[in-house]
Structure formats: C-alpha cells, structure tokens
> 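Handing you a structure now.
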Number of protein chains: 2
Amino acid sequence: MKKQKILIVEDEENILETLQLNLDLEGYALETAVDGEEALSKFKSFQPDLVLLDVMLPKKSGYDVCREIRTYSNVPILFLSAKGTTQDRIFGLKLGANDYLPKPFDLEELLLRIQILLAPLQEQEKETSNFKIGDFEVDFKNFKTDSRSGEVGLTKKECELLKYIVSRPNEVISRNEILDHVWGEEKYPTSRTIDNFILNFRKYFEDNPKQPKYFQSIRGVGYKFTP
Amino acid sequence: MKKQKILIVEDEENILETLQLNLDLEGYALETAVDGEEALSKFKSFQPDLVLLDVMLPKKSGYDVCREIRTYSNVPILFLSAKGTTQDRIFGLKLGANDYLPKPFDLEELLLRIQILLAPLQEQEKETSNFKIGDFEVDFKNFKTDSRSGEVGLTKKECELLKYIVSRPNEVISRNEILDHVWGEEKYPTSRTIDNFILNFRKYFEDNPKQPKYFQSIRGVGYKFTP
DNA sequence: ATTCGCGTTTAAAACTTTTAACATCCCTAG
DNA sequence: CTAGGGATGTTAAAAGTTTTAAACGCGAAT
C-alpha cells in the first residue's frame with residue numbers, strides 16, 4: 001500500500017512543526033504550505049489525499065482555499081481553527097469540509113479523525129486493485145492478465161468463469177453450480193466445456209499444469225481454487 | 001435515488017423526538033431504539049445507512065453497541081453524548097465511530113455531519129447504478145442491456161464502444177478518435193466498421209432508427225451521443 | 001478388470017468483427 | 001434546380017475468435 005499524502009496548511013510555526021513531526025511518525029507523506037496561495041499551488045502539484053487546513057491564513061483564507069479546491073476535487077478537507085464556535089464549524093462544513101477541529105486540538109483525536117477520513121480511500125484502493133493469482137495480475141476490467149507466457153487477453157467467458165471461481169476460494173464448486181452461475185439457467189453446454197476453460201487457466205497460471213496448485217480438480221465433484 | 005436510512009438510538013425522549021422530527025423533515029427513513037439491545041436488533045432488521053448513537057443507554061452502552069456493530073459492518077456511526085471530554089471522544093472514535101458530537105449539539109451541525117458521512121455512499125450508488133439511454137438500462141458489467149426488443153446481450157466491442165461514446169455526451173466525436181480510443185493505436189479497421197456498431201445501437205435504443213435521437217451522425221465528422 | 005471421470009487435443013459450431021457492395025441522403029457546383 | 005460526388009445507412013457475406021463438442025488416453029475407484 002502506498003503512503004497516503006497529506007497537505008498541511010498552517011502559518012503558525014509551532015503548530016506546523018508539531019503536525020509535521022507527528023504525521024511523519026505516522027507514516028504519511030507530507031507537504032506544507034504557509035499561506036492560502038501556496039496551499040492551492042501545492043495542492044495542484046502534490047495531489048494530496050487529505051488537506052489539513054488552517055482557517056486564518058495570510059493572502060487567502062482557509063475558507064477561500066476550501067471553496068476553490070471543492071470546485072475541482074472531492075479530497076477530504078479537515079479544518080483546524082482557533083475560530084471554534086458552532087457557527088464557525090457550521091460555516092466550514094457548509095463549504096464542503098469533511099471535519100472541523102477547534103484549536104487547541106488534541107493530537108490523538110486529530111490523528112484518529114485523519115484516519116477516519118482516509119479510510120474510505122484505502123478501502124477503495126483495495127477494491128480496485130487487481131486480483132492476483134500467484135505472481136500474475138488479473139485485470140478483469142480490461143480483459144487481460146499476466147501469465148507464464150506474458151500478457152494474454154481474456155475472453156468474456158474466461159473472465160466470467162475466472163471471476164466466479166476466484167470469488168469462492170478454497171471451496172469445492174460443482175460443475176452444475178458453475179454452469180448455473182456463469183452460464184445462467186437457460187443455456188446448458190456440456191459440463192466438459194468447463195474443463196476446457198480450466199485447462200486454459202492452468203496454462204496461464206500454473207507453473208506445472210500437470211500438477212495444478214491453484215486450479216485443482218476434485219474427482220466426482222468439480223473444481224477448487226486455492227489462492 | 002432511494003431514501004437513506006438512519007437508525008436513531010437515544011433514550012431521552014425529548015432529544016429523540018427532536019431528532020425524529022428534523023431528520024424526517026430532511027427526508028431520511030428512520031427507525032429508533034431506546035436501549036442498547038433494541039439498537040442491535042433494529043440494526044439487523046432495518047439495515048440502516050447510518051447510526052446515530054447515544055453513549056449512555058439502558059441495558060447496553062453505546063460503546064458496546066458500536067463495538068458489536070463493527071464486528072460485522074462498516075456503516076457510519078455518529079456518537080451523540082453528554083460525555084464530551086476529549087478522552088470520551090477519543091474513546092468513541094477508537095471504537096470505530098466515524099464522528100462524535102458532544103451534547104448539547106447544534107442541530108444544523110448534526111445535519112451537516114450526517115450529510116458528510118452519507119456522502120460517500122451516495123457517490124457509490126451513482127457509480128454502481130447502471131447507465132440509462134432513454135428508458136433502457138445498460139448493464140456494462142454483465143454485457144447486457146434492455147432494448148426495444150427486450151433484453152439483449154452486448155459483445156465486448158459493443159460495450160467498449162458504447163462506454164466510450166456515452167462517456168462524452170453532447171460531444172461530436174470523430175471516427176479517428178473512436179478508433180484510437182476503442183481499438184487502440186495498433187489495430188485499425190476501416191472506419192466504416194464503426195457505422196455498423198452505431199447501426200446496432202440505433203436498433204437497440206432508438207424509437208425510430210431512421211431518425212436517431214441518441215446516436216446522431218454529424219456529416220463529415222463523426223457521431224454525437226445526446227442523452 | 002472394468003468403469004467412470006478427468007486431461008488433452010482437435011475440430012466443428014457459434015458468434016463477433018470486419019469488409020465489401022449497394023442504396024440513399026445531402027451538399028454543392030454548374 | 002438538378003446532377004454528381006462524397007458521406008452515411010443498410011445488408012450480406014467473409015474473416016477471425018470464441019465456445020462447445022467429440023474423441024481418445026490415462027489413472028483412480030469399485
């Protein structure tokens with residue numbers, strides 16, 4: 001998993017240093033800005049995953065920065081501000097910020113809230129990351145996969161069958177189950193058809209197709225995928 | 001878009017009523033629970049999109065409820081509590097809550113924070129919801145679409161081309177652009193090939209294929225998709 | 001030993017994609 | 001206003017892929 005990038009926008013030197021120190025310790029990649037204009041330019045070049053944003057800043061207020069970022073990005077924004085009244089918070093949240101922490105803030109709480117804001121991103125990364133069989137990366141969306149003989153294209157049925165099989169790892173799946181799920185209830189090819197596809201998968205992925213590790217056959221029942 | 005479901009867990013009657021009234025006004029679907037055990041059973045039956053959770057509850061504390069929910073769900077949880085110290089907040093957030101608002105809370109701020117927590121969900125729904133052309137729903141993932149003659153299967157290329165074209169609505173796209181994007185730089189069929197696919201799309205989707213509304217051809221240039 | 005099920009190869013069947021050919025429409029030049 | 005050329009619509013068939021079936025051999029189970 002990549003380091004998550006945080007842009008810290010804060011003009012008070014002490015606070016900035018504390019934040020830098022602690023967020024670095026947490027393993028985030030950091031960039032800093034000390035005024036509103038720098039914040040926007042750093043935002044564009046750094047493309048952070050989260051912005052910690054002070055409200056009172058030289059040149060351009062945090063509110064303005066937030067408004068502008070929101071015109072082109074949904075990146076999580078967390079306001080840090082000495083202006084801590086309910087009205088201030090509401091104002092900030094209405095601008096599209098995701099959270100608003102009054103100063104002085106508790107460092108532990110800040111770290112937690114940062115984690116919370118970054119969590120959906122991490123999940124997403126997990127979901128969109130491609131599936132791996134051994135060392136081979138399968139790209140279902142684009143119908144291709146790495147294989148022992150380099151990148152090969154996958155056909156529609158190959159994709160569908162492979163998706164179904166790997167969705168049930170370590171489970172023995174009967175041929176009929178496969179036919180039902182991948183081919184649908186109407187169409188019913190010979191169940192031997194499945195064997196042909198398995199044969200292909202073994203050619204793509206198995207070191208030794210004669211002794212399959214990933215695509216094992218269970219005599220009399222069906223197949224089992226072992227990651 | 002469906003109504004979003006919120007489970008309110010709160011034993012103080014006044015607060016519960018205020019919340020109910022206002023969240024109803026905002027258009028959320030609501031369920032309520034007045035103690036920890038009811039909260040868990042309602043959670044399972046109601047399957048809410050967000051939980052508003054009081055900390056001090058009869059039978060089972062909000063903390064316990066949160067802990068248990070987190071063992072099987074990532075639903076956003078927002079604590080509401082009279083226990084408002086930093087340590088309380090940190091404790092709640094560490095349990096996996098997404099936000100923590102001390103009582104007395106400002107209603108407007110609560111509504112905003114609820115919106116923020118529900119936002120990712122809404123986005124997701126938008127993404128996974130299928131594309132529509134007229135009244136016909138296109139299911140790119142499963143290679144099929146409704147059409148004037150019922151459900152039809154889409155081929156790989158049909159999907160790719162259709163995806164590309166609808167990704168640029170109201171824009172005139174030249175044949176060469178289409179070839180570059182859908183076929184890739186290497187392979188180059190006659191540009192007339194595209195016409196054949198367009199012909200199919202019109203058969204699928206146009207009321208009157210002779211006078212296309214959705215897939216218009218722009219003489220000398222290419223095609224334009226108008227939703 | 002015989003039967004049954006799977007692995008494997010090969011080829012036929014089905015389907016998709018591309019090309020070719022002709023029809024039709026639209027613009028423009030005469 | 002009309003003829004001709006160029007572009008798109010339409011159909012059908014060719015070429016290319018994918019999917020399915022058939023056939024045979026091998027090894028395990030009964």
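Each chain gets a letter, A, B and so on, in the order the sequences are listed, and its residues count up from 1.
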> Within the modelled atom types, does a donor on one side and an acceptor on the other bring the side chain of B:Asn196 and the base of C:dT18 under 3.5 Å apart?
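Donor-acceptor pair under 3.5 Å: no.
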
> Does A:Thr193 put a side-chain nitrogen or oxygen below 4.0 Å from OP1 or OP2 of D:dA21?
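Answer yes for this pair, as a side-chain N or O of A:Thr193 is under 4.0 Å from OP1 or OP2.
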
> Could you tell me the separation between the CG atom of B:Asn200 and the P atom of D:dG9, rounded to a whole number of Å?
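Those two atoms, CG and P, are 13 Å apart.
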
> Tell me the interatomic distance from B:Leu199, atom CG, to C:dC22, atom P, rounded to whole angstroms.
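For the pair B:Leu199 CG and C:dC22 P, the rounded distance is 18 Å.
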
> Is the A:Phe205 to A:Tyr214 ring centre distance short of 6.0 Å?
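Ring centroids of A:Phe205 and A:Tyr214 are no less than 6.0 Å from each other.
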
> Could you tell me how far apart B:Glu206 (CD) and D:dG9 (P) are, to the nearest whole angstrom?
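Answer to the nearest Å: 11 Å.
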
> Does a side-chain N or O of A:Ser217 approach OP1 or OP2 of C:dC6 to a distance below 4.0 Å, or not?
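Result: no.
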
> Please check if the distance between the ring centroids of A:Phe136 and A:Tyr204 is under 6.0 Å.
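Between A:Tyr204 and A:Phe136, which both carry aromatic rings, the centre distance is not below 6.0 Å.
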
> Could you give the CZ-to-P distance, from A:Phe201 to C:dT8, as a whole number of Å?
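Computing the A:Phe201:CZ to C:dT8:P distance gives 15 Å.
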
> With a 4.0 Å cutoff (strictly under), does any side-chain N or O of B:Lys210 reach OP1 or OP2 of C:dT24?
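For B:Lys210, the contact criterion (side-chain N or O under 4.0 Å from OP1 or OP2 of C:dT24) is not met.
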
> Whole angstroms only, please: what is the CD1-C1' distance between A:Ile178 and C:dC6?
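Going from A:Ile178 (CD1) to C:dC6 (C1'), I get 14 Å.
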
> Check the phosphate of D:dT20 against A:Trp183, side-chain N and O only, distance under 4.0 Å to OP1 or OP2. Yes or no?
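Affirmative; the distance criterion is met.
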
> Specify the residue among A:Arg202 and B:Ile194 whose closest nucleotide of DNA chain C lies further upstream toward the 5′ end.
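In this pair, the answer is A:Arg202.
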
> Provide, to the nearest angstrom, the distance between the CZ atom belonging to A:Phe143 and the P atom belonging to C:dT16.
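Taking atom P of C:dT16 as the reference, CZ of A:Phe143 is at 13 Å.
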
> Atom CZ of A:Phe197 and atom P of C:dT8: how far apart are they, to the nearest Å?
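It is 16 Å, rounded to the nearest whole Å.
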
> Identify all side-chain donor-acceptor contacts of residues 32-39 of chain A below 3.5 Å with residues at least two apart in sequence or on another chain.
unit_1: A:Asp35; atom_1: OD1; unit_2: A:Glu37; atom_2: N; d: 2.9
unit_1: A:Asp35; atom_1: OD1; unit_2: A:Glu38; atom_2: N; d: 2.8
unit_1: A:Glu38; atom_1: OE1; unit_2: A:Val34; atom_2: N; d: 2.9
unit_1: A:Glu38; atom_1: OE2; unit_2: A:Lys42; atom_2: NZ; d: 3.0

> side-chain contact (heavy atoms from CB on, under 4.5 Å), that's the test. Do B:Ile6 and B:Leu19 meet it? Break it down for me.
CA-CA 11 Å; B:Ile6 299 181; B:Leu19 289 172; over 6 Å; no

> Looking at residues 148-162 of chain B, who's got a heavy atom less than 4.0 Å off DNA chain D?
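Here the set is empty: none.
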
> Taking only the side-chain nitrogens and oxygens of B:Tyr223, find out if one of them lies under 4.0 Å from OP1 or OP2 of D:dG9.
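B:Tyr223 to D:dG9 OP1/OP2: side-chain N or O found under 4.0 Å.
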
> Applying side chain to side chain contact (heavy atoms under 4.5 Å, CB included), name anything that partners B:Pro212, two or more places apart in sequence or on another chain.
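Scan of B:Pro212 (side chain to side chain contact (heavy atoms under 4.5 Å, CB included), adjacent residues dropped) gives B:Arg202, B:Glu206.
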
> When you get a sec, tell me which of D:dT11, C:dG7, D:dT8 is the closest nucleotide to the side chain of A:Asp195?
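The answer is C:dG7.
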
> Please examine the side chains of A:Leu23 and A:Ile8, heavy atoms only from C-beta on, and report whether any two atoms are closer than 4.5 Å.
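Yes. Closest side-chain heavy atoms under 4.5 Å.
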
> Can the positive tip of B:Lys156 be found less than 6.0 Å from the middle of the six-membered ring of A:Phe143, inside 45° of the ring normal?
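B:Lys156 over A:Phe143 ring: yes.
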
> Under 3.5 Å, which protein N or O atoms sit close to an N or O of nucleotides 24-30 of chain D? Give each pair with its distance.
unit_1: D:dG27; atom_1: N2; unit_2: A:Arg219; atom_2: NH2; d: 3.1

> Excluding sequence neighbours, so at least two apart, what forms ring pair (Phe, Tyr, Trp, His ring centres under 6.0 Å) with A:Tyr164?
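Once residues adjacent in sequence are excluded, the partners of A:Tyr164 under the ring pair (Phe, Tyr, Trp, His ring centres under 6.0 Å) criterion are A:His181.
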
> Can you check the B:Gln216 CD to D:dG9 P distance for me, whole Å?
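These atoms are roughly 11 Å apart.
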
> In residues 220-227 of chain B, what donor-acceptor pairs under 3.5 Å come from side-chain atoms, sequence neighbours left out?
unit_1: B:Tyr223; atom_1: OH; unit_2: B:Arg175; atom_2: NH2; d: 3.2
unit_1: B:Tyr223; atom_1: OH; unit_2: B:Asp195; atom_2: OD1; d: 3.2
unit_1: B:Thr226; atom_1: OG1; unit_2: B:Gln216; atom_2: OE1; d: 3.4

> Hey, which of these two, B:Lys203 or B:Arg175, hits DNA chain D nearer its 5' end, going by closest nucleotide?
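First, find each residue's nearest nucleotide; the 5'-ward one identifies B:Arg175.
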
> Are side-chain heavy atoms of B:Leu78 and B:Asn98 found at a separation under 4.5 Å?
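The answer is no, as the side chains (C-beta and beyond) never meet within the 4.5 Å cut-off.
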
